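Read the numbers this way: they start at 1 and go in the same order the structure lists the ligands and their atoms. In this chain, numbering begins with 1 at the start of the sequence shown. Computed from heavy atoms alone, side chains included, the values below leave out hydrogens, waters and symmetry copies. Keep in mind the model is a prediction, meaning the values are calculated, not measured.
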Amino acid sequence: MSTATEQKMNAPVITIDGPSGAGKGTVSHLVASRIGWHLLDSGALYRVVGLAALQRGVAFDDDDALAEMVADLTIKFVATPGGQEQIELDGHDVASKIRTEHCGNLASKVAAVPAVRAALVVAQRDFRKAPGLVADGRDMGTVIFPDAELKIFLTASAAERAQRRYKQLIDKGLDVSLATLLEDIAERDHRDANREVAPLRPAPDAMMLDTTSTSIDDVVAQVLELAAHLRPVDDD
Ligand code: C5P
């Protein structure tokens, strides 16, 4: 019988990185549920940290205060019977609050602080469990799981990503402008790609998949095909 630590080290990982709106979230979710593996939505962690800073009045340019705050947070991903997302910050469900564009922008600000990133490394690696993990983010293949068995980098044009986001938000009944979304995406891309620590880059051994004119179902099928040779590990 293997120990819990060995299972963690052995559990295969698929990393799915890329810029905002490339379809990572949907693809990761569908791939993980099709093969029955765990899912790490690392963006949600940064969004919760951004929300916490806002709620606690911590200045976004005060790196020390942000680092101190992040060390003190209790963030929990809770599995719910209906499969609906539940993410708790200090015991309160914040799953819908963190999905706003505003929170995405706050996330990208706190994510540029090296001490915040460092404080979240262990929590992210803890998601690696039998039978395997699908990890969605910006630095999954480069920093958090450099030994991942399969690395995917999803891209799409900024115009297409803004259009997708627009549709999602309109479908949720939110009043947004496409031009503002495009500006937000460009600003976030720039910050994510140019920060000092873990900038958004494909790992040298990542497979690049452009989703601009490919349906989500086709992208999922491609990832599943690439993942077909990976061997899940047992719990016992
Ligand atoms: O993926 P999502 O849009 O939820 O991520 C929100 C923000 O969190 C990103 O724009 C990025 O700045 C940051 N992030 C990151 N590293 C990750 C995941 C997200 O820097 N692994």
Chemist: Run the numbers for me: atoms of ligand 1, each under 4.0 Å from some heavy atom of Arg188, listed by number.
Modeler: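 Near Arg188, the atoms of ligand 1 are 3 (O), 6 (C), 7 (C), 9 (C), 10 (O).
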Chemist: Could you identify the single nearest non-hydrogen protein atom to atom 19 (C) of ligand 1 and state the distance to 0.1 Å?
Modeler: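 Checked against all protein heavy atoms, atom 19 (C) of ligand 1 sits closest to Gly43 CA, 3.5 Å.
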Chemist: May I ask you to test the Val134-Leu40 pair for a side-chain heavy-atom distance under 4.5 Å?
Modeler: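 Of all side-chain heavy-atom pairs linking Leu40 with Val134, none is under 4.5 Å.
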Chemist: Could you check if a side-chain atom of Gln163 sits within less than 4.5 angstrom of a side-chain atom of Leu178, using non-hydrogen atoms only?
Modeler: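 With C-beta onward as the side chain, the pair touches.
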Chemist: Can you name the atoms of ligand 1, numbered from 1 with element, that are less than 4.0 Å from a heavy atom of Arg47?
Modeler: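 That gives atoms 2 (P), 3 (O), 4 (O), 6 (C) of ligand 1.
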Chemist: Can you name the closest pair of heavy atoms from Leu169 and Leu181 and give their distance?
Modeler: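 So the minimum-distance heavy-atom pair works out to CD1-CD2, 4.0 Å.
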Chemist: If the contact criterion is a heavy-atom separation under 4.0 Å, does Arg195 count as touching ligand 1?
Modeler: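 So Arg195 counts as touching ligand 1.
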Chemist: Which residue and atom name correspond to the protein heavy atom nearest atom 16 (N) of ligand 1, and how close is it?
Modeler: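 Looking only at protein heavy atoms, the one closest to atom 16 (N) of ligand 1 is Arg117 NH2, 3.0 Å.
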Chemist: Between the side chains of Ser20 and Arg188, does any donor sit under 3.5 Å from an acceptor?
Modeler: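 Ser20 vs Arg188: donor-acceptor pair found between side chains.
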Chemist: Quick check on contacts: which atoms of ligand 1 are under 4.0 angstrom from a heavy atom of Ser108?
Modeler: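 Those qualifying, in numeric order: 10 (O), 12 (O).
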Chemist: Distance under 4.0 Å to a non-hydrogen atom of Ala111: what atoms of ligand 1 satisfy this?
Modeler: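 The list of qualifying atoms is 12 (O), 13 (C), 20 (O).
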Chemist: Is any N or O atom of Asp139, backbone or side chain, closer than 3.5 Å to an N or O atom of ligand 1?
Modeler: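 Yes.
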Chemist: Among all protein heavy atoms, pick the one closest to atom 9 (C) of ligand 1 and tell me residue, atom and distance.
Modeler: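 Checking every protein heavy atom, the shortest distance to atom 9 (C) of ligand 1 gives Arg138 NH2, 3.2 Å.
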Chemist: Which residue supplies the protein heavy atom nearest to atom 8 (O) of ligand 1, what is that atom called, and how far is it?
Modeler: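 Atom 8 (O) of ligand 1 sits closest to the protein heavy atom Tyr46 CB, 3.6 Å.
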Chemist: Look only at interatomic distance and state if Ser42 has a nitrogen or oxygen under 3.5 Å from any nitrogen or oxygen of ligand 1.
Modeler: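 Checking ligand 1 against Ser42, an N or O pair does fall under 3.5 Å apart.
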Chemist: Drop me the distance from Ile87's CD1 to Asp41's CG, to the nearest 0.5 angstrom.
Modeler: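 Going from the CD1 atom of Ile87 to the CG atom of Asp41 covers 6.0 Å.
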Chemist: Counting only N and O atoms by type, is there a donor-acceptor contact under 3.5 Å from the side chain of His38 to the main-chain atoms of Arg128?
Modeler: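 Absent.
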Chemist: Going by the atom numbers of ligand 1, which of them fall below 4.0 Å from some non-hydrogen atom of Ala107?
Modeler: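 In order of numbering, the contacting atoms are 6 (C), 7 (C), 8 (O).
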Chemist: Could you check whether Asp210 and Thr212, counting side-chain N and O atoms only, form a donor-acceptor pair closer than 3.5 Å?
Modeler: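 Distance-only check passes for Thr212 and Asp210.
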Chemist: Relative to atom 12 (O) of ligand 1, which among Leu200, Val197, Asp192 owns the nearest non-hydrogen atom?
Modeler: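 Result: the heavy atom closest to atom 12 (O) of ligand 1 is in Asp192.
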Chemist: When Lys151 is tested against each of Asp205, Asp17, Thr142, Thr15 for side chain to side chain donor-acceptor pair (under 3.5 Å), which residue passes?
Modeler: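 When Asp205, Asp17, Thr142, Thr15 are each tested with Lys151, the side chain to side chain donor-acceptor pair (under 3.5 Å) holds only for Asp205.
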Chemist: Treating Arg195 as the side-chain partner and Val197 as the backbone partner, does any N or O pair qualify as donor plus acceptor under 3.5 Å?
Modeler: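 A pair under 3.5 Å: yes.
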Chemist: Considering the heavy atoms of Met140, write down every atom of ligand 1 situated less than 4.0 Å from one of them.
Modeler: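 By the 4.0 Å cutoff, the relevant atoms are 21 (N).
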